[in-house]
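Read through the structure below, which is laid out as structure tokens, and then see the notes.
Every number for a ligand or one of its atoms is a count from 1 in the order of the listing. Quantities reported herein were computed from a predicted structural model and do not represent experimental measurements. Residues take their numbers from the sequence shown, with the count starting at 1.
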Amino acid sequence: MTLYRALVVDVAANPFTTEPSAALRADDDAGLLVRDGRVVERGPYADLRRSHPDEDTVDLRDGVLLPGFVDTHVHYPQVRAIGGLGMPLLDWLRDCALPEEARLADNAYAAVVAEEFLDGLVAAGTTTALVFGSHFADAVDTLFTAAERRGLRITAGQVVSDRILRDELLTTPEVALSEGRKLIERWHGQDRLRYAVTPRFSLSASEPLLDVCAELLDAADGLFLTSHVNENGAEVEEVRALFPERRHYLDTYAHHGLVGPRTVLAHNVHPTDHELDVLADARAWVAHCPTSNAALGSGLFPLRRHLERGVGVALGSDVGAGTGFSLVKEGLQAYFVQQLLGAEGVPLSPVHLLHLTTRAGAEALGLSDRVGDLGVGKEFDAVWLRPAPSSTLAVNLAHAKDASDLLARVFALGTPADVAGVWSAGRRLITASGT
Ligand SMILES: Nc1nc2[nH]cnc2c(=O)[nH]1
Ligand SMILES: [Zn+2]
């Protein structure tokens, strides 16, 4: 066992449905006793020290210990394609993302990209992610192999499309079915890994391919479905033209049985009210990707309409349209977007931001009984932010008046450079120099 000593800040309830100050949990000079990768006791450090005098202590008091971040939408093959600014979605896909994704046909290339991708996630303090995989089955195998080696909690899958995209990325319903089955058999439920059936978006997926996605969902219990929806006006129009008999974009998935409680759809910037009701009825989730929406000019996310109609919202970095792995940055950008919406926006407090970057994602991925906060019984997935001495963040942490104010300064200033430690189920993945 190990006794961690830290300022521990996490969210113990949903601040959108309870008083935010009551949802925030902040324990100064706390002790977390961790056994077999789980928190078994939490309380004042002095008390835990007295009752466990012989346990090793890891002193993390300099800085703040948060739950590991949960990224509900991030593209493995796009880690080398970040910063493609100045283009709207469909141009950006054609000219920036898809040429890079095609390079993963070379499995040696895919293996290096997988390590760079997972390094990027962990360096940002992300310990759980729903990952948009690769079109190439071997590259998906490679990603799962690398993730298993690090003990990360990853849900991912093969991206499938059978039209419109560049030829190297296209498959057929028959091949998608056989490759998907093999990947599910090999990886779903292995260690901390799960499989997500992943049609890229219905713009590039025929009805027979969408039917195959439904068939794959029946191949095992607990499989997820992830895709994109309502991101960009031109995309929405193209989908409507391709599916004239469907009520709306979401219906192109729902019609094939792809919208349920383990469905996570990215963006939903331009939803109709009926789509929101369908999502809420299905208990599906939306991955809001703020920096991606801003970088591609996709629009300002209507969070209020989602919350009012009971649709679950979590955050995604959407690397590479998103501008990096940091969920701290995504939280800040989510705040900016709601501020810019004025009266239509939802004023987000720092507690809301910590909820969106940890607990909400855990709920979206059906993992809130295991991760998303540092309560007793949860896996010790944690990120230690310890800014460099005399850095602006260090100065601000020192002058924060309370835990909520401290969180506000973390979201305003925090970057992956401030991550001094990351634990995944108690296994330390990052150790900053000198600790
Ligand atoms: N942002 C984003 N939207 C998409 N829609 C379909 N594919 C993608 C992608 O790779 N990124
Ligand atoms: Zn995406």
Side-chain angles (χ1 to χ4, degrees), residues 71-104 113 117 120-121 129-136 139-140 155-166 168-171 196-205 209-210 213 224-239 242 249-250 252-253 258 263-270 285-299 301 314-325 327 330 333 361 364:
D71 190 335
T72 59
H73 185 70
V74 56
H75 291 257
Y76 147 40
Q78 297 179 8
V79 59
R80 293 183 173 184
I82 295 171
L85 306 178
M87 295 166 268
L89 172 63
L90 299 180
D91 296 348
W92 173 82
L93 272 174
R94 185 193 61 233
D95 300 342
C96 183
L98 299 182
E100 175 60 22
E101 295 219 21
R103 294 191 180 98
L104 276 77
V113 168
F117 172 76
L121 279 180
L130 174 54
V131 175
F132 228 77
S134 167
H135 288 269
F136 305 105
V140 178
T155 303
Q158 180 182 26
V159 183
V160 291
S161 293
D162 61 351
R163 67 184 181 195
I164 296 176
L165 307 187
R166 48 191 301 142
E168 316 96 296
L169 300 181
L170 300 184
T171 184
V197 176
T198 312
R200 187 161 202 119
F201 54 170
S202 47
L203 189 148
S204 65
L209 184 60
L210 292 168
C213 290
F224 273 73
L225 186 290
T226 193
S227 192
H228 299 90
V229 74
N230 290 325
E231 179 176 7
N232 161 291
E235 168 216 14
V236 173
E237 285 320 306
E238 283 209 31
V239 169
L242 286 164
Y249 195 152
L250 182 69
T252 65
Y253 301 121
L258 302 180
T263 297
V264 179
L265 296 172
H267 305 303
N268 210 32
V269 178
H270 306 284
W285 283 73
V286 167
H288 170 32
C289 304
T291 66
S292 167
N293 294 165
L296 298 181
S298 301
F301 181 70
L315 285 194
S317 64
D318 195 22
V319 157
T323 55
F325 288 95
L327 281 194
E330 294 303 331
Q333 185 63 32

Apply side chain to side chain contact (heavy atoms under 4.5 Å, CB included) to L242 and I164, showing your working. CA-CA 11 Å; L242 286 164; I164 296 176; 4.0 Å; yes
Would you please test V140 and Y76 for side chain to side chain contact (heavy atoms under 4.5 Å, CB included) and show each step? CA-CA 9 Å; V140 178; Y76 147 40; 5.6 Å; no
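The distance cut-off of 2.8 Å around the Zn ion (ligand 2) captures these protein N, O or S atoms, sorted by chain and number: H73 NE2, H75 NE2, H228 NE2, D318 OD1.
Side chains of F325 and V79 form a contact here, defined as non-hydrogen atoms less than 4.5 Å apart.
Counting only distance, with no hydrogens or angles, the side chain of S161 and the backbone of L170 share no donor-acceptor pair below 3.5 Å. Remark: the backbone N or O of L203 is paired with a side-chain donor or acceptor of R163 at under 3.5 angstrom.
Of the options T198, L169, T226, L165, a side-chain contact (heavy atoms from CB on, under 4.5 Å) to V159 is made by T198 and by none of the others.
Side chains of N230 and H267: no donor on one and acceptor on the other come within 3.5 Å. Using modelled atom types and a 3.5 Å distance limit, the side chains of T291 and E330 yield a donor-acceptor pair.
Protein residues are said to neighbour a ligand when one of their heavy atoms lies under 4.0 Å from it; for ligand 1 these are H75, Q78, L89, W92, L93, R200, F201, H228, E231, H267, S292, D318, A321.
Taking the six-membered ring for Trp and thresholds of 30 and 60 degrees, F132 and H75 have ring planes inclined between 30 and 60 degrees apart.
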